[in-house]
K.L.:
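This is the structure I have questions about; it appears just below.
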Amino acid sequence: MSVRYISTRGQVEPITFSQAVMMGLATDGGLLLPQTIPQVTADRLRFWATLPFAELAVEVVRLFADEEDLPTDTLRLLCQRSFACFAHPEVTPVVTIGGRRILELFHGPTLAFKDVALQFLGNLFEYILSRDGGRLNILGATSGDTGSAAIHGVRGRSGIHIFILHPYQRVSPIQERQMTSVLDDNVHNIAIRGSFDDGQRIVKDLFNDLPFRQQYQLGAINSINWARILAQAAYYFFAWGKVAAGNPEYRVTFAVPTGNFGDIFAGYLAYRMGLPIERLILATNRNDILTRFFQTGCYGTGDVWPTVSPSMDIQRASNFERYLYYLLDEDPLQVQEAMRSLELTGRLEVSANKQQQAAQLFRAVAVSEEETLAQIRSFFQESHYLLDPHTAVGVRAAAHDPEAICLATAHPAKFGEAVGQAIGHEPPLPPALQGMLERPSRCAILEAETAQVKQHIITTLPAL
Ligand SMILES: *Cc1c(COP(=O)(O)O)cnc(C)c1O
């Protein structure tokens with residue numbers, strides 16, 4: 001077996017798993033994918049259903065990497081280390097609340113599902129760098145969630161520094177402290193006097209500064225890294241194993257609160273590998289570009305509306321191109337054409353035939369702010385269980401699918417204000433967040449200017 005990765009746009013010579021992890025975004029502007037998708041037999045599914053989460057993750061990932069590239073024994077250590085820090089012994093448990101199945105993905109250090117993938121990615125980066133030599137300086141802008149999960153994924157790891165920009169005094173106090181109270185030497189928080197968009201612009205400027213980018217080995221954190229998709233695919237198999245009771249024909253539906261299409265693409269991957277998935281319910285908030293695509297075949301960008309589920313307030317879903325590649329018969333020329341149209345006109349369209357094909361597996365539902373808050377309220381009244389606003393979007397979208405497994409992507413206390421709006425009082429802080437606001441913190445405060453941030457990075461890093 002020899003696993004190689006190619007780009008959705010067809011301009012990257014096949015590369016190994018490690019190379020794909022370090023490349024992140026394909027050099028031709030596309031996204032990386034394995035040349036073929038491995039198939040899982042019914043017998044193997046039954047076996048996987050007996051495994052603890054970390055062991056199941058090993059089984060999934062090893063199908064996507066050559067043994068010489070990532071030895072299974074090493075992979076096992078990386079997975080054990082990645083998931084040992086979760087507060088629940090099952091890592092990603094399935095609970096049944098008032099008849100509704102919920103896959104809790106928020107038991108990691110920052111209480112959001114992104115921990116599952118970013119803990120793994122941090123360990124993987126460290127391993128590949130120690131083996132191949134080299135360093136990595138991660139640079140990113142955050143509006144809250146991704147930044148803290150990334151910081152917790154790489155804190156204390158050798159060969160890696162991380163710089164995260166957040167808008168000064170414009171993230172919630174808890175979110176701010178989740179990032180700035182990490183005092184490891186390799187973690188560098190920067191609050192910029194400006195907006196999230198300013199932060200994104202600065203990061204983009206610095207990535208476009210090619211000499212700087214190369215000299216300082218800048219790398220990105222975002223949901224396009226293939227290793228993140230794999231770690232997330234593992235919990236679809238895990239959840240299925242918990243409800244299928246050893247029956248390999250048992251079909252399940254998942255409801256997935258969706259922003260950048262990363263999490264739900266992992267579900268699609270599991271489906272393509274042979275997991276018996278009936279449907280994937282794609283739940284969006286008012287920012288419904290994906291819902292419109294699956295309903296009409298037209299993907300057109302518009303304005304971003306702020307909502308109570310801010311981690312899904314996106315205009316363009318960074319992982320969507322991966323799905324498009326499969327929908328367009330794995331033809332990089334068609335993908336190139338579609339992406340060019342999106343670039344030039346702000347929209348792309350697929351044929352009615354393709355739209356119908358997509359709608360057979362994906363049922364897309366947009367959920368309003370009122371519906372989201374009403375869902376939190378009614379669920380709490382009926383079963384005393386609090387949904388975070390993102391999870392509530394998914395539960396609401398699955399209203400007609402009582403059997404669906406709903407992905408719970410964040411702990412409700414992370415979005416206490418929205419939960420408070422729904423039920424009249426804010427949820428109590430879980431142990432992981434108690435005392436958070438009193439913890440010592442470290443953060444540089446800079447003007448929203450690219451040159452200042454660049455200078456700060458240069459003076460902060462140990463001499464080259
Ligand atoms: C990032 C995030 C999402 C959206 O996930 P995607 O992979 O971007 O679709 C949903 N809920 C929460 C809490 C998140 O942090």
Side-chain angles (χ1 to χ4, degrees), residues 31 92 102-119 121 140-153 171-172 174-175 178-179 196 221-233 235-236 254-270 280-291 293-294 304 307-323 362 364-367 372 375-376 386-397 406-419:
L31 299 184
T92 61
I102 296 188
L103 171 57
E104 292 185 342
L105 301 173
F106 51 72
H107 295 286
T110 72
L111 308 182
F113 87 96
K114 292 187 173 73
D115 287 327
V116 177
L118 286 168
Q119 285 295 319
L121 188 62
T142 188
S143 54
D145 264 358
T146 313
S148 63
I151 285 170
H152 285 260
V171 298
S172 80
I174 289 272
Q175 282 182 324
Q178 273 189 313
M179 296 189 280
F196 170 58
I221 41 136
N222 38 35
S223 49
I224 47 89
N225 199 295
W226 180 252
R228 286 182 68 175
I229 303 287
L230 288 186
Q232 293 174 23
Y235 51 67
Y236 285 88
F254 289 96
V256 189
T258 298
N260 270 316
F261 206 80
D263 209 4
I264 199 164
F265 182 81
Y268 177 71
L269 179 67
L280 291 167
I281 299 175
L282 185 153
T284 59
N285 60 27
R286 182 177 177 186
N287 298 290
D288 62 349
I289 176 170
L290 286 164
T291 297
F293 173 77
F294 283 96
V304 181
T307 71
V308 292
S309 46
S311 300
M312 306 188 332
D313 293 347
I314 60 103
Q315 187 175 349
R316 254 212 217 175
S318 55
N319 266 288
F320 179 65
E321 187 173 336
R322 284 196 163 110
Y323 174 68
F362 290 87
V365 182
V367 176
T372 305
Q375 181 66 72
I376 295 173
L386 278 176
L387 303 170
D388 104 284
H390 305 79
T391 307
V393 168
V395 171
R396 169 72 201 205
C406 297
L407 275 61
T409 52
H411 190 288
K414 260 200 116 159
F415 297 94
E417 209 181 303
V419 171

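When a ligand or atom number is given, it counts from 1 through the structure's own listing order. The model shown is predicted, which means the values in this text are computed figures rather than measured ones. All values below come from the heavy atoms of this structure, side chains included, with hydrogens, waters and symmetry mates left out. We're numbering straight along the sequence, starting at 1.
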K.L.:
So, do Gln375 and Leu387 sit near enough that their side-chain heavy atoms are less than 4.5 Å apart?
P.N.:
yes
K.L.:
Under the criterion side chain to side chain contact (heavy atoms under 4.5 Å, CB included), which of Leu280, Asn319, Ile229, Val256 is the partner of Tyr268?
P.N.:
Leu280
K.L.:
Give the protein residues with at least one non-hydrogen atom closer than 4.0 Å to an atom of ligand 1, ordered by chain and number.
P.N.:
Phe113, Lys114, Asp145, Pro257, Thr258, Gly259, Asn260, Phe261, Gly262, Asp263, Ser311, Met312, His390, Thr409, Ala410
K.L.:
Got a sec, which residues hit ring-ring contact (aromatic ring centres under 6.0 Å, His included) with His107, two or more places apart in sequence or on another chain?
P.N.:
His88
K.L.:
Would you tabulate the side-chain donor-acceptor contacts of residues 308-315 under 3.5 Å, counting partners in other chains and residues two or more places apart, or write 'none'?
P.N.:
residue : atom : partner : partner atom : Å
Ser309  : OG   : Asn285  : ND2          : 2.9
Ser309  : OG   : Thr307  : OG1          : 3.3
Ser311  : OG   : Asp145  : OD2          : 2.9
Asp313  : OD1  : Asn285  : ND2          : 2.9
Asp313  : OD1  : Asn287  : ND2          : 3.0
Asp313  : OD1  : Thr307  : OG1          : 2.7
Asp313  : OD2  : Thr307  : N            : 2.9
Asp313  : OD2  : Thr307  : OG1          : 3.4
Gln315  : NE2  : Gly302  : O            : 2.4

K.L.:
Kindly assign one of parallel, tilted or perpendicular to the pair Phe294 and Phe320, based on the angle between their ring planes and the thresholds 30° and 60°.
P.N.:
perpendicular
K.L.:
Who passes salt bridge (charged side-chain N to carboxylate O under 4.0 Å, His left out) against Arg396, sequence neighbours left out?
P.N.:
Glu371
